[in-house]
**Q** 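Okay, here's the structure, questions in a sec.
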Protein chains: 2
Amino acid sequence: MDDKVLSIKNLIERKGYKFTKQKRVILEELIKSNTHLNSKQIYDKVKDRKIGLATVYRTLSLFSEIGIVKEINIDGVSYYELKMYSKKPLHIHFQCVKCNSIIDIDDNNLNLQYLKICREIENKNNVDIYDIDIMLVGICDKCKKAYC
Amino acid sequence: MDDKVLSIKNLIERKGYKFTKQKRVILEELIKSNTHLNSKQIYDKVKDRKIGLATVYRTLSLFSEIGIVKEINIDGVSYYELKMYSKKPLHIHFQCVKCNSIIDIDDNNLNLQYLKICREIENKNNVDIYDIDIMLVGICDKCKKAYC
DNA sequence: CTTGATGCAAAGGATTTGCACAAAT
DNA sequence: ATTTGTGCAAATCCTTTGCATCAAG
């Protein structure tokens, strides 16, 4: 079994849940695709393997709870992305208003700047920050070019 | 009529829509409450004045479209807050995982820092950023104290 | 009058839940 | 055997829509 799958299997079992065939199939799809997928999209990929929609929902919310995936909500729909192996508490997404595509913004320097600002917020407001979601909305590179 | 209401009335009419009693009532509730309200909460405040739920939804999406309110989505539900008179493209919200309350974080210095980072992202990725939503998740002041 | 806005109820889409059955320990 | 997970269908929640009616210009 793949290293990633194995270590996540261990995590799931350590938390007291069974690592079933369904969880494995869904996990493998998440690893394979490495973008944000919603429950319906994942269901479409796995339904031929006799996995029900409810199981997809239940599995994703379990994965989310124990920190295997990160959930982001776009226009009322939950999307999930693998969190392990990039376990920063920071997620910057860019959504294009023209083509609706969602781009990940990832840059070490930016991440550092954001984390610094967060520490400032923690101190000023006496809160603990566990997780940071940043959603930027605008026009993407492609659409900018297409509208010249 | 209140200054705020009047200038928003003008905006609505300039866009070619009628400033009806329903729109006024909903607008006044938004001005009064100055927090994030979802459609249901607004409906509860105005239903006694014979305003239907569909009208609340239609009004809020119109308001959102012409930039009177800003929509933020929390756990699959849309919340709205007045955007006028604070027309920064930046919104920092903090959600507490214990009590689920949502706090606005507003600080000029922070805002400047964020806007600077955004300019960096725009340059590096060749995108235009219109709007920035930042959602911080963690433990709030009150809940920190309550769990000592 | 004519057009756009509203209220209601019905429809829609995403997600959750109840329950009987299957799988695992 | 006992517990946990699954599949299906029904239920639920939020939101949108169709349509007859109302209101404003």
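All chains are named by letter (A, B, ...) in the order of the sequence lines, taking the proteins before the strands, and each is independently numbered beginning at 1. Since the model is a prediction, treat every value here as computed from it, not as a measurement.
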**Q** According to the salt bridge (charged side-chain N to carboxylate O under 4.0 Å, His left out) rule, which pairs have a member within residues 60-78 of chain A, sequence neighbours left out?
**A**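 Sorted result for residues 60-78 of chain A: A:Lys70-A:Asp131, A:Lys70-A:Asp133.
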**Q** Take the angle between the ring planes of B:His36 and B:His93 and call it parallel below 30°, perpendicular above 60°, tilted in between.
**A** perpendicular
**Q** Can a donor-acceptor pair be found between the side chains of A:Gln113 and B:Gln113 at a distance below 3.5 Å?
**A** no
**Q** Please list, in 5' to 3' order, the outermost nucleotides of DNA chain D lying under 4.0 Å from any heavy atom of chain B.
**A**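 Extent of the interface on DNA chain D: D:dC14 to D:dG18.
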**Q** For B:Lys32, enumerate each residue passing the side-chain hydrogen bond (donor to acceptor under 3.5 Å, both in side chains) test, keeping only those at least two apart in sequence or located in another chain.
**A**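 Partners of B:Lys32 by the side-chain hydrogen bond (donor to acceptor under 3.5 Å, both in side chains) criterion, ordered by chain and then number, come out as B:Glu29.
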**Q** Measure from the side-chain N and O atoms of B:Asn125 to the backbone N and O of B:Val127, and report whether any donor-acceptor pair falls under 3.5 Å.
**A**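 Not confirmed, B:Asn125 side chain does not pair with B:Val127 backbone.
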**Q** Output a table of nitrogen or oxygen pairs between the protein and nucleotides 7-14 of chain C separated by less than 3.5 Å.
**A**
unit_1, atom_1, unit_2, atom_2, d
C:dG7, OP1, B:Gln22, NE2, 3.3
C:dG7, OP1, B:Lys50, O, 2.3
C:dG7, OP2, B:Gly52, N, 3.0
C:dG7, OP2, B:Thr55, OG1, 2.3
C:dG7, N7, B:Arg58, NH2, 2.7
C:dG7, O6, B:Arg58, NH2, 3.4

**Q** Step by step, work out the side chain to side chain contact (heavy atoms under 4.5 Å, CB included) result for B:Tyr130 and A:Val97.
**A** CA-CA 9 Å; B:Tyr130 296 167; A:Val97 291; 4.2 Å; yes
**Q** Where along nucleotides 20-25 of chain C does protein come under 4.0 Å, by heavy atom, of base (B) or sugar-phosphate alone (S), with - for untouched nucleotides?
**A** ------
**Q** Donor-acceptor check, side chain of A:Glu122 to backbone of A:Ile129, threshold 3.5 angstrom: yes or no?
**A**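 Such a contact is found between A:Glu122 side chain and A:Ile129 backbone.
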**Q** Sub-3.5 Å donor-acceptor pair from the side chain of A:Lys23 to the main-chain atoms of A:Lys18, do we have one?
**A** yes
**Q** Would you confirm whether A:Ser64, through its side chain, and A:Leu62, through its main-chain N or O, come within 3.5 Å as a donor-acceptor pair?
**A**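 Judged by distance alone, no pair lies under 3.5 Å.
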**Q** Which residue pairs pass the side-chain hydrogen bond (donor to acceptor under 3.5 Å, both in side chains) test with at least one member in residues 50-63 of chain B, sequence neighbours excluded?
**A**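 The answer is none; no pair qualifies.
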